[in-house]
Chemist: 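Okay, here's the structure, questions in a sec.
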Protein chains: 2
Amino acid sequence: MAKRRPRQVDVAKHAGVSPAIVSLVLNGKTDDKIRISPQTVERVKASMRELGYMPNPIARSLATGHNRILGVFTYESVFPLQSENFYFPVLVGIEDEIEAQDYDLLLFTRSRRYAGRRSVYRDGVNQLLMADGSIVFGRDVAADEVARLHDEGYPFVSIGRVETDRPISYVATDYAGATFEVIEYLVGHAHRSIAYLGAPDRSVSYRDREGGYRMAHEHLGLALDERRVRYVDPETLRADDLQALLDGGATAIVCEHHRLAVALLRVARERGLSAPRDFSLALLGEPPRAADSLANCTTFRIPLYAIGVEAVRLLARVLDGHEGPLRSTLSCDFVSGHTVATLAP
Amino acid sequence: MAKRRPRQVDVAKHAGVSPAIVSLVLNGKTDDKIRISPQTVERVKASMRELGYMPNPIARSLATGHNRILGVFTYESVFPLQSENFYFPVLVGIEDEIEAQDYDLLLFTRSRRYAGRRSVYRDGVNQLLMADGSIVFGRDVAADEVARLHDEGYPFVSIGRVETDRPISYVATDYAGATFEVIEYLVGHAHRSIAYLGAPDRSVSYRDREGGYRMAHEHLGLALDERRVRYVDPETLRADDLQALLDGGATAIVCEHHRLAVALLRVARERGLSAPRDFSLALLGEPPRAADSLANCTTFRIPLYAIGVEAVRLLARVLDGHEGPLRSTLSCDFVSGHTVATLAP
DNA sequence: CTGAAAGCGCTTACAG
DNA sequence: CTGAAAGCGCTTACAG
């Protein structure tokens with residue numbers, strides 16, 4: 001049958017040299033200090049061709065300690081290959097840049113199958129080790145796992161700021177700044193009393209937005225009424241909730257999440273209310289295309305593709321030996337939309 | 001600094017056993033014939049935890065000869081991660097099934113950078129060797145490379161039939177059958193004289209369609225006029241070409257490729273002609289969403305997602321030791337559309 | 001039931 | 001300029 005592939009020794013024997021020479025010729029280390037006679041090089045190359053030799057990349061990885069493979073791990077429950085997925089453009093950016101950096105791309109799809117929350121560790125074993133380095137992302141990057149990865153010395157970059165005391169590398173999105181800008185815009189339209197509708201789960205990116213909201217109040221000299229900051233599940237949002245905010249004097253509402261905004265518009269309709277007629281509305285982050293009711297919403301655009309690209313760039317630098325954490329924060333583009341009206345004095 | 005990761009020997013020493021025992025415990029080979037005392041197992045596990053040991057997957061790959069990684073290589077110039085890409089749904093199917101089969105997914109993005117046509121071989125070296133097996137696809141899977149892969153004994157599955165004498169595994173699309181069905185449909189609408197507009201490049205999938213066209217003529221007892229079979233570049237298609245076909249008696253036209261159909265409708269419009277009023281039109285394969293002018297075209301749907309899934313299934317069987325080539329041919333769904341009219345007698 | 005050894009196929013100091 | 005050897009970190013027969 002198919003006789004086993006020739007190995008380096010076979011080539012060495014065939015060419016009458018030692019395996020080391022074959023390795024050197026293979027890796028083109030023939031010009032530096034270690035000089036091999038041109039005839040020898042030619043003889044080795046001829047033998048390689050003749051025997052149809054091709055080096056085993058696994059063995060090479062073991063010997064060198066790297067393999068030019070970059071891994072991608074997501075904490076999302078579903079791999080972001082579905083193009084409607086929020087993270088899909090990030091993945092495209094990652095892929096493009098991994099190609100540009102001349103790496104292959106390993107998608108850790110296996111891990112998904114293991115119970116409970118997704119985890120980089122399976123039975124306590126780091127699943128990323130096959131790749132030279134990895135990018136991890138998802139709405140909820142697990143701070144403890146990331147800390148452990150760091151402590152192990154595994155090279156990785158997180159997409160999304162992670163709250164940990166470890167000096168990890170990440171690319172963050174400036175949700176705080178973008179939210180600040182939205183509040184500024186509302187204030188520029190004469191709003192002084194802006195309600196904040198947040199998700200019940202206070203993940204980092206949400207808290208960053210809220211931070212921007214609070215900072216804007218401080219910097220712009222607006223009074224902040226805590227009764228106007230509400231965390232609510234879109235499922236349970238009632239028309240009464242909206243009414244209460246408006247009765248409390250709010251003239252504008254910002255929503256952390258598109259589902260909150262959709263729910264808000266729905267309950268508004270129940271009462272015959274709409275934006276921007278009865279209240280102004282801004283969304284803190286781009287809505288998915290499918291959310292028709294938000295097509296013209298005032299919001300900001302998250303640079304998803306660029307985030308993916310930047311993550312790979314940082315990872316490449318880490319792998320090139322950069323010491324210390326590497327961090328980038330990318331800003332969002334404000335989108336004025338049509339759900340904010342100037343408040344009549 | 002970060003002291004190097006503990007290896008198996010370290011655990012062995014710590015637990016006072018030989019490395020072999022650690023390996024056995026690690027791989028749970030503790031129940032079969034080789035029995036290790038429960039205390040020993042516990043001691044080893046405790047040592048592993050204590051030292052924070054995690055096995056090196058590369059070393060394991062080298063020793064076992066596999067790593068539960070499946071590769072994906074495309075002959076397309078651009079990786080099909082762009083969601084508008086024809087092959088994108090195939091990739092999604094591949095990814096889903098690779099996950100289901102508990103493998104990781106290695107995307108060979110590196111190869112793209114190497115000059116000329118895309119190739120599995122870089123400087124003569126098979127780039128796929130890192131993965132246990134791979135799926136290759138693209139509009140033009142290189143028959144010579146695929147033959148070589150087969151001769152080397154590398155496990156792979158091709159998406160798309162490949163014309164080679166080697167018994168390779170592939171999943172094909174029944175373009176011939178689908179085209180047959182289209183012709184049958186046209187004949188059912190009283191057409192007897194059906195022109196065939198093909199691409200100048202006669203890649204396998206195109207020839208399969210043409211085969212279906214010819215077979216349909218034979219089986220349905222239709223005369224086939226070779227002057228009605230034309231290979232033409234969509235760029236150079238002229239209104240005169242259409243006119244000539246119609247003057248020659250053609251009442252219906254089938255197009256191999258959506259760009260041909262778009263071009264055909266364009267030149268038709270120049271003459272004030274349209275389908276299905278002045279001629280009937282069918283497209284031999286689903287148009288991309290962006291092709292508005294073909295939104296209602298009579299055509300057939302290519303089961304792209306299912307093709308990806310099936311390819312992974314075949315590959316998994318090959319890796320499970322199945323001997324001999326594995327082949328699947330998936331059929332397309334006819335889409336009646338609105339570009340075919342019944343011919344007045 | 002456990003240990004010592006060879007092997008997976010490379011690369012890289014280290015001698016000559 | 002080239003060879004012999006050790007090492008990368010595992011697994012798997014093979015002895016005991």
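By convention in this document, chain letters (A, B, ...) are assigned in the order of the sequence lines, proteins followed by strands, and residues within each chain are numbered from 1. Keep in mind that this is a model prediction, so the values were computed, not measured.
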Chemist: Does C/dT11 have its OP1 or OP2 closer than 4.0 Å to a side-chain nitrogen or oxygen of A/Asn27?
Modeler: yes

Chemist: Report yes or no: is the cationic atom of A/Arg68 (NZ for Lys, CZ for Arg) under 6.0 Å from the centre of the six-membered ring of A/Tyr103, at an angle within 45° of the ring normal?
Modeler: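 Yes; both conditions hold, so A/Arg68 lies above the ring face of A/Tyr103.
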
Chemist: Figure out the CG/P separation between A/Leu62 and D/dC10, and round it to whole Å.
Modeler: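 The answer, rounded to whole Å, is 9 Å.
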
Chemist: Whether A/Arg7 engages the ring of A/Tyr53 as a cation-pi pair (distance to the six-membered ring centre under 6.0 angstrom, angle to the ring normal within 45°) should be assessed.
Modeler: no

Chemist: Please confirm whether the ring centroid of B/Phe137 lies under 6.0 Å from the ring centroid of B/Tyr87.
Modeler: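 Yes, ring centres under 6.0 Å apart.
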
Chemist: Would B/Arg118 pass as a cation-pi partner of B/Phe73, given that its NZ or CZ must be under 6.0 Å from the six-membered ring centre and within 45 degrees of the axis?
Modeler: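 Checked: cation-pi criterion met.
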
Chemist: So what does the secondary structure string of DNA chain C come out as, 5' to 3', with Watson-Crick or wobble pairs under 3.5 angstrom, [ ] for crossing and | for pairs with another strand?
Modeler: |||.||||||||.|||

Chemist: Are any of B/Thr40's side-chain N or O atoms less than 4.0 Å away from OP1 or OP2 of C/dT2?
Modeler: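 For C/dT2, OP1 or OP2 has a side-chain N or O of B/Thr40 closer than 4.0 Å.
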
Chemist: Tell me what A/Ile21 touches on the nucleic acid: a base, only sugar-phosphate, or nothing, going by heavy atoms under 4.0 Å.
Modeler: sugar-phosphate

Chemist: Starting the side chain at C-beta, find the nucleotide from C/dA4, D/dG3, C/dT11 nearest to A/Arg60.
Modeler: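 When the side chain of A/Arg60 is considered, C/dT11 is the closest of C/dA4, D/dG3, C/dT11.
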
Chemist: For B/Ala20 and for A/Ile58, locate the closest nucleotide of DNA chain C by heavy-atom distance; then report the residue assigned to the nucleotide nearer the 5' terminus.
Modeler: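 Looking at DNA chain C, the more 5' nearest nucleotide goes with B/Ala20.
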
Chemist: Test salt bridge (Lys or Arg N to Asp or Glu O under 4.0 Å) on B/Glu76 and B/Arg139 and set out the steps.
Modeler: CA-CA 7 Å; B/Glu76 296 294 293; B/Arg139 226 155 307 246; 3.0 Å; yes

Chemist: Strictly below 4.0 Å: does A/Thr64 bring a side-chain N or O up to OP1 or OP2 of C/dC10?
Modeler: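 No, no such contact exists.
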
